[in-house]
Structures are given as C-alpha cells and as structure tokens.
Amino acid sequence: MEFLEMANYNLSLNVQQAVSKIQSYQVTLVESLQKLKNLTRRVEVMELGGISYTELDFELLKLEIREMESLAIQLRASFNGSSALVETLFVEIQNISIMVNQLESHDKNNVLAVKREIASLRKRLEDCEKHQDNPAVPSVPYGTCKHGGIQNISKPFVVQLNYLGFAYKFGGWGKDSMLEADQDIHWVAPLTTDGRSMNSIRFYPSYDDLLLYKKPTDKVLTKPIAYNNIDYSSSGQGGGVIMFNESMYYNCYNTRDLCKFNTKTNAVERKTFTDATFNNRFSYASTQWQDIDLAADEDGLWVIYSTEQNAGNIIISKLNSTSMIVEKTWTTSQYKLGVTNSFMVCGILYATRTLNTRREEIFYMYDTKTGTEGKLSIPFDKMMENIQSLSYNPNDHKLYMYNDGYLVTYDLNYKPLSKTIR
C-alpha cells in the first residue's frame, strides 16, 4: 500500500507538470495565432497597395550594415599597422548607413540601389579579407597613362534606373570628364522614347543626391517660338553626349553640327563638322542616331564618327575644347556599323561588340599615338541587352554606360607598364 501511495503521488506530480506545460503551450499558441493574424492583415494591406514592400527591407539592410561594420573592425585589428583600403571601406560603410536612414525617411522606393551598393561593398570586404596577407599592387594614378592598356573590366555596378523610368531606354550620363574637374556633379540625359532627341539635361550636386533623386537642376535645350511651336535647334541628337570643363558637347539636332552648351551661362555654341555623316547614316549597331559620338580621356576631347568618303569606317578626331576646331584626324579600317559603341582611354580608341544578350566584348583598338590598330578580346558582363552610350572618365578610371535605361558603371583594370612610359 505504501508503494502504491508513493507511485500515485509521483503520478500526480507528473500530471500537474504536464498540465502546466499544456497551459504554457496554449498561451504560446494563442500568441502565435495572434501574430499570424496580424501578419495576414499586413500582407492583405500590402496586396492592396497600402504599404510599400521595400519598407520591410530596411531592418535587413541595417543588419547587413552592422555585420559589415563588425567585419571591417576585425580586419582593422588583423592588419599589421594601418590599411588605407580598410579605412576607406569603413568610411563607405558608415556613409551607406547614413544613406539608408535618409532613404527610410525620404525615398523608400529606391532601396534597390542601396542594396546593390551594399552588395558591392560586401564583395570588396570579402576580397580584402581573402587577400589581407597579400596586398594588391598599387593602382594606376588617376589622370595618368602609366600602364600598358586595358587588361580587364569589372562586373557592372548598377547605380539606378534613370529618373524618367524604364520607357526611356536611350540616353547618356556621367560626370565632368576633364582632368581635375569637379567630380561631385552628376548629369543624366535621357533621350525621347524614339531614341533621337535630347531636349533636357538633369544635374545632381552629388552622388547621394543622384541616388535619392534630390536637389535636381534641369537645363532645357528647347525654346518656345511663335504659334505654339518649339525650336529644337539647340537640342541634341543621339546619346553621344559628354561633359567636359563644365560644358556639354553633343551632336546638334538634325544637323552635322557640334553643339557646346555652357552649364553655367546656358549659352550654346555650334560648329559645322564638315563631311561627317548624320541622321542615322552610320550609327552604332545597338543604337540609332549616334552618328557623331563625343568622348574624353587623359588627352582631352575627341569625336568619333564616319564619312561617306571613308565608306562608313570609324574616324577619330582630336578637338580643341574651346574652339571646337579639329586639331588632328585618324582613319581606321573598322566599319562603324559593326561596333556597338566605343570610347577613348589615353589616346586609344576601344570598340565593343555583342557576344550575347548578357555579354559584351572589347574587340578592337586603335592607338592614335602610334597609328596602329589591332584585335583583342576583353569580355565583360552587362545588365541589359543594348548599350546606348559608353564613355570614360579619366578622373576615376570608370566607364559610364547607359544600358536600356539603367545607369551603370565599370572599373577598368590595366596591364602593368612595359617598356615605355607614355
């Protein structure tokens, strides 16, 4: 009987413990059901458009930033002495943290642009972590040609969609390409949807303002005239526009003239470009109306075009940026319609062609210093299928691409200098 009483007592305790657990589980279940109901209501509101999907991403963004800050601090400690690269990355991480806070309060729909920049910073941190015992070879100083030409091109970095939207697939963008020019100001120039006319140019005072669509200044190139008509004579044609020394250079609308628009005074100068074809006679293979393409590099201002006399092959001319007079000209054997776009680096023309819808290739070069041309193969990725404009900036060694409406940049990597210093 004593044994049975003890067993009954223990059984009672076990039952009481089980009942307590069941009651606890019931409370937890009720809380979980309430959370599920709340989440269901939130999803229903989202589906009805009451809340932006991107609002749910900010906490994840902040978490990623905190993780990168922690990694950067660890890298700081692991390097022997100071590391300029790690310090730069740490500052950039802090800057993007500020940017996320601004986006959260001002422009939540642009969270994708910040995600891409975070991904880029994370990749750079990972690369830095992998190679902390093997520091990279110092890069080529900006504004110099102490290298052996382009070796390869980075992955594309998508800054954002142009401010007018996806329908505006044609245009150009970048910064002032003159050496030592102000690099804070960014310009964006979407063309009309038919890809022909550039009627206005938008300027942002900084890169952060570009990301946030803040503080824009629009320069309108058209003028109203009598009887509700519009004067397009100062508008641009095609995406071959470049900014050089606070002026925009481009092909004037419906002519073979070059236009120079002073961004400070709004004055427009023009110069007839004798013999150059225009109005879609010899544009690039992937874009129309770009018969005349302006470019800039360490050596100054260039124009890339074709003539009937040269049977549509590319011609390169060095321009005086003040007078727009041609200083010297080089003819090539490369047919312009066989090229998707081109740009200049250290006096060398580089031309691209399509490999497939996601890959492009630099396949041709012409060196104006030596008068030699040749074939090469430098493949690189692209986000969208068609390249509408491609330009180089010697102040940061980047390519600026307008890619089916998206603003994209690439970093150029150079071969080591061989025998002669240019």
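Hydrogens, waters and symmetry mates play no part in the numbers below; they use all other heavy atoms, side chains included.
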Just to verify, what does [X] make a ring-ring contact (aromatic ring centres under 6.0 Å, His included) with, not counting sequence neighbours?
X: Phe170; answer: none
X: Trp289; answer: none
X: Phe380; answer: Tyr410

Practice task
Dump the intermediate steps for ring-ring contact (aromatic ring centres under 6.0 Å, His included) on Phe343 and Tyr350, then the final yes or no.
Solution key: CA-CA 6 Å; Phe343 58 94; Tyr350 291 94; 5.6 Å; yes
Determine which pairs satisfy salt bridge (charged side-chain N to carboxylate O under 4.0 Å, His left out) with at least one residue from [range], sequence neighbours left out, and list them in order.
range: residues 392-413; answer: Lys175-Asp396, Lys398-Asp411
range: residues 277-296; answer: Arg281-Glu308
range: residues 348-357; answer: Arg353-Glu361
range: residues 248-261; answer: Asp257-Arg270

Does some side-chain heavy atom of [Y] sit less than 4.5 Å from a side-chain heavy atom of [X]?
X: Ile315; Y: Ile304; result: no
X: Gln309; Y: Asp275; result: yes
X: Ile378; Y: Ile153; result: yes
X: Phe363; Y: Leu376; result: no
X: Leu258; Y: Ile292; result: yes
X: Lys318; Y: Thr368; result: no
X: Cys346; Y: His147; result: yes
X: Val241; Y: Leu294; result: no

Problem - Test salt bridge (charged side-chain N to carboxylate O under 4.0 Å, His left out) applied to Glu298 - qualifying residues, sequence neighbours left out - result: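 So Glu298 forms no salt bridge (charged side-chain N to carboxylate O under 4.0 Å, His left out) with any residue.
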For a quick check under 3.5 Å, do [X] and [Y] share a side-chain donor-acceptor pair by atom type?
X: Ser206; Y: Asp208; answer: no
X: Ser235; Y: Thr222; answer: no
X: Ser200; Y: Asp218; answer: no
X: Ser197; Y: Gln237; answer: no
X: Asn310; Y: Thr307; answer: no
X: Asn254; Y: Arg196; answer: yes
X: Gln183; Y: Tyr207; answer: no

Handout entry: Sidechain N-carboxylate O distance under 4.0 Å for Asp381, Arg358
Key =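 No, this pair does not count.
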Practice task
Identify whether the distance between the nearest side-chain nitrogen and carboxylate oxygen of Lys369 and Asp299 falls below 4.0 Å.
Solution key: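 Yes, Lys369 and Asp299 are salt-bridged.
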Hey, could you give me the [atom1]/[atom2] distance between [X] and [Y], rounded to the nearest 0.5 Å?
X: Ser391; Y: Asp297; atom1: OG; atom2: CG; value: 11.5 Å
X: Thr357; Y: Met383; atom1: OG1; atom2: CE; value: 13.0 Å
X: Ile225; Y: Ile230; atom1: CD1; atom2: CD1; value: 8.5 Å
X: Arg202; Y: Leu164; atom1: CZ; atom2: CG; value: 7.0 Å
X: Asn386; Y: Glu360; atom1: CG; atom2: CD; value: 9.0 Å
X: Glu180; Y: Met178; atom1: CD; atom2: CE; value: 8.0 Å

For [X] against [Y], the heavy-atom pair lying closest together:
X: Cys259; Y: Ser233; result: SG-O, 4.4 Å
X: Ala296; Y: Ser177; result: CB-CB, 3.6 Å
X: Asp176; Y: Asn395; result: O-ND2, 3.5 Å

Exercise for the section: Pick out which of Asn393, Leu390, Val408 makes a side-chain contact (heavy atoms from CB on, under 4.5 Å) with Leu399. Expected result: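 Passing option: Leu390.
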Problem - Test applied, side-chain contact (heavy atoms from CB on, under 4.5 Å); reference residue, Thr322; option that passes from Asn320, Ile325, Leu319 - result: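 The passing option is Asn320.
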So, [X] side chain and [Y] main chain: donor-acceptor pair closer than 3.5 Å or not?
X: Ser283; Y: Gln290; value: yes
X: Asn162; Y: Tyr168; value: yes
X: Lys336; Y: Val339; value: no
X: Thr352; Y: Asn341; value: yes
X: Gln160; Y: Leu210; value: yes
X: Thr332; Y: Ile314; value: yes

I need the full list of ring pair (Phe, Tyr, Trp, His ring centres under 6.0 Å) pairs touching [range], with sequence neighbours left out, sorted by first then second residue.
range: residues 240-261; value: Tyr232-Tyr253
range: residues 382-401; value: Tyr142-His397, Trp173-Tyr400, His397-Tyr414
range: residues 263-285; value: Phe273-Tyr305

Problem - Worked verdict on Thr340 versus Thr354 for side-chain hydrogen bond (donor to acceptor under 3.5 Å, both in side chains) - result: CA-CA 7 Å; Thr340 53; Thr354 296; 4.7 Å; no
Practice task
Could you tell me whether Lys375 atom NZ has more than 12 heavy atoms of other residues or ligands within 6.0 Å of it?
Solution key: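 Enclosed.
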Handout entry: Pairs where residues 146-241 contributes a residue and the test disulfide bond (SG atoms under 2.5 Å apart) is met, not counting sequence neighbours
Key =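 For residues 146-241, and leaving out neighbouring residues, there are no disulfide bond (SG atoms under 2.5 Å apart) pairs at all.
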Practice task
Take Phe203 and His186, measure what side-chain contact (heavy atoms from CB on, under 4.5 Å) needs, and give me the verdict at the end.
Solution key: CA-CA 6 Å; Phe203 297 88; His186 290 68; over 6 Å; no
Practice task
Show your reasoning for whether side-chain contact (heavy atoms from CB on, under 4.5 Å) applies to Ile316 and Lys328.
Solution key: CA-CA 8 Å; Ile316 311 163; Lys328 192 173 180 179; over 6 Å; no
